[in-house]
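Here is the structure we will look at, set down as structure tokens.
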Number of protein chains: 2
Amino acid sequence: MHLDHIDRSSKLPLYHQLYEILRDHILRGEWQPGDMIPPESELTERYQVSRTTVRQVLDMLVNENLIYRQQGRGTFVAHPTLDQTLVRIVSFTEDMRQRGFEPGTKVISSDLVSAPADIAQRLEIQPGEELARLKRLRLADGEPMSVEESYLVHRYCPGVLQGDYASHPLRRALESDYGIRLVRAKQVIRALPTPSDLGRMLSMRPAKSALLYIERVSYSQQDVPVEFLRIYYRGDRYALYSELHE
Amino acid sequence: MHLDHIDRSSKLPLYHQLYEILRDHILRGEWQPGDMIPPESELTERYQVSRTTVRQVLDMLVNENLIYRQQGRGTFVAHPTLDQTLVRIVSFTEDMRQRGFEPGTKVISSDLVSAPADIAQRLEIQPGEELARLKRLRLADGEPMSVEESYLVHRYCPGVLQGDYASHPLRRALESDYGIRLVRAKQVIRALPTPSDLGRMLSMRPAKSALLYIERVSYSQQDVPVEFLRIYYRGDRYALYSELHE
DNA sequence: TAGTGGTCTAGACCACAAA
DNA sequence: TTGTGGTCTAGACCACTAA
């Protein structure tokens with residue numbers, strides 16, 4: 001069981017503590033999509049904070065699309081949607097499950113390389129600094145879906161490449177072994193023609209071949225760039241979704 | 001000058017009215033990016049609402065990335081960013097200006113067609129119903145950037161095709177002539193190989209040719225689907241940006 | 001020190017949904 | 001009618017920035 005009460009002597013704001021608590025309940029699946037969460041009155045009572053503070057926290061969760069409210073009925077855990085991929089950091093595994101695929105991973109290679117200028121610039125390090133490089137083939141229902149090339153600043157996570165990243169998430173290793181949580185990221189999305197080597201790896205038919213290409217830089221809690229990631233998705237299997245407003 | 005006061009007898013909530021007012025100031029450019037907006041105390045005073053209400057409105061604007069706050073300094077108008085394209089409905093003109101290009105448009109064709117099944121389904125109309133179709137070539141600094149194919153439910157905007165949409169925005173015509181505001185949209189983003197006809201229109205080199213393809217359904221104030229849009233962006237000139245969080 | 005935004009409270013009344 | 005979320009107020013004290 002996780003921490004489930006508010007520490008009045010903590011320096012963290014009450015709303016922040018309550019946010020972590022409620023978010024945890026949802027992300028750990030203790031409250032399932034569609035479930036009603038306790039009414040505001042009960043949260044006020046249980047955590048001994050004002051209704052305003054409770055509502056501030058619920059507003060944050062609504063903004064993240066983790067919950068939704070219905071006047072007169074209650075507040076409910078939201079069902080995950082595909083457009084989250086463009087707003088929240090979502091693991092390949094989660095993403096595929098939401099799309100109705102069974103995810104799989106094969107490690108293509110892992111090695112240490114020295115940082116080329118373009119990657120060094122985005123990771124805010126010196127060119128030539130040591131990077132851990134991990135290439136993986138990602139599968140959906142056993143069929144190739146994407147190729148991922150991860151570059152990690154090795155200084156922050158020496159020895160990462162020891163891990164088995166076919167069956168264990170890289171993010172989890174970073175967190176548990178090095179205390180690094182990737183909390184923020186910036187990405188660029190492009191369409192590319194398919195180079196023949198990638199086409200082969202992804203088992204693509206040349207005629208239908210284009211790649212949805214993503215470059216992502218991920219930042220730690222301390223706002224330090226830690227990972228540079230290239231993802232090549234099969235254009236004939238993968239799409240991104242988003243909702244727009246005025 | 002636009003309405004700049006709050007109507008206490010209106011059925012609209014105070015925060016909603018204030019939101020429209022402040023948003024207007026920003027979107028009309030009366031407050032420029034980087035400008036400090038009036039402090040909360042002054043807004044409280046000027047519009048005669050509580051600070052809580054003022055802050056509720058500012059929170060909304062912060063969430064839309066229209067303003068940002070700095071404790072101890074003030075609240076400022078945000079500079080537009082490229083990742084807005086994935087969250088807010090942005091006109092081609094605005095988008096290109098933000099990217100540092102001078103936008104241009106050529107109308108390729110405009111005609112009435114009967115709705116094919118796939119489009120009818122997304123527009124929630126009967127197959128065969130009349131659609132206004134508008135094809136345009138979009139230019140950036142005089143060079144082709146994208147091809148857009150717009151399908152409008154003609155019943156909602158009879159005679160739209162009379163307009164000159166090389167120099168006048170389609171959105172404006174819908175609003176002023178038919179009272180239709182497209183306030184919400186859903187889109188899907190894919191990578192496509194370049195068909196030869198589009199490649200020619202976009203002046204693309206075959207070797208570097210992939211398209212970033214977007215399909216968008218836009219909804220009116222009444223949540224009725226009005227427009228189905230296909231955009232084919234040159235993959236070698238156009239990219240999308242997004243920021244992710246945990 | 002003065003002015004700004006950040007956090008928090010207690011309480012009121014309204015609107016809507018379900019029994 | 002009861003219980004839920006929606007809107008709004010007045011006021012307090014804190015934290016940070018700049019002069």
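Lettering of chains follows the sequences in order, A, B, ..., and the numbering in each one begins at 1.
- Between A:Arg51 and the phosphate of C:dT9, there is no side-chain N or O to OP1/OP2 separation shorter than 4.0 Å.
- C:dG6 atom C1' lies 13 Å from atom NE2 of A:His16, rounded to whole Å.
- More than 12 heavy-atom neighbours from other residues, nucleotides or ligands sit within 6.0 angstrom of CZ on A:Arg155.
- Under the 30°/60° scheme for interplanar angles, the aromatic rings of B:Tyr238 and B:Tyr233 are found to lie parallel.
- OP1 or OP2 of C:dG3 has not a single side-chain nitrogen or oxygen of B:Arg73 nearer than 4.0 Å.
- Atom pair A:Phe76:CZ and D:dG5:C1' shows a separation of 10 Å (rounding to whole Å applied).
- Closest contact between the side chain of B:Arg69 and the listed nucleotides C:dT9, C:dG5, D:dG6 involves C:dG5.
- Side-chain contact, B:Tyr19 with B:Glu64: a donor N or O sits under 3.5 Å from an acceptor N or O.
- Across all strands, A:Leu14 comes closer than 4.0 Å only to sugar-phosphate atoms, never to a base (heavy-atom distances).
- Regarding A:Leu12, its CG atom lies at a distance of 18 Å from the P atom of D:dC14, rounded to whole Å.
- Side-chain N/O atoms of B:Thr75 include one lying less than 4.0 angstrom from OP1 or OP2 on C:dG5.
- Judged by distance alone, the side chains of B:Tyr151 and B:Glu149 do bring a donor and an acceptor atom under 3.5 Å apart.
- Rounded to whole Å, the distance from CD on A:Glu40 to C1' on D:dG3 is 12 Å.
- The distance between atom CD1 of A:Ile37 and atom P of D:dG3, rounded to the nearest whole Å, is 19 Å.
- Taking a cutoff of 4.0 Å between a charged side-chain nitrogen and a carboxylate oxygen, B:Glu94 and B:Arg88 do not qualify as a salt bridge.
- Rounded to whole Å, the distance from CD on B:Glu45 to P on D:dG11 is 13 Å.
- Here the nucleotide nearest the side chain of B:Pro39, chosen from C:dT9, C:dC16, C:dT4, is C:dT4.
- Atom CG in A:Leu18 sits about 13 Å away from atom C1' in C:dC8, given to the nearest Å.
- Residue B:Ser41 has no polar side-chain atom (N or O) positioned under 4.0 Å from OP1 or OP2 of C:dG3.
- In this structure, the CD atom of A:Gln48 is 9 Å from the P atom of C:dA10, given to the nearest Å.
- Which of C:dT9, C:dG5, D:dT7 sits closest to the side chain of B:Tyr15 comes down to D:dT7.
- Put simply, B:Thr53 has a side-chain N or O that comes within less than 4.0 Å of OP1 or OP2 on D:dT9.
- With distances taken from any side-chain atom of B:Met36 to the nucleotides D:dA10, D:dG6, C:dT4, the minimum falls on C:dT4.
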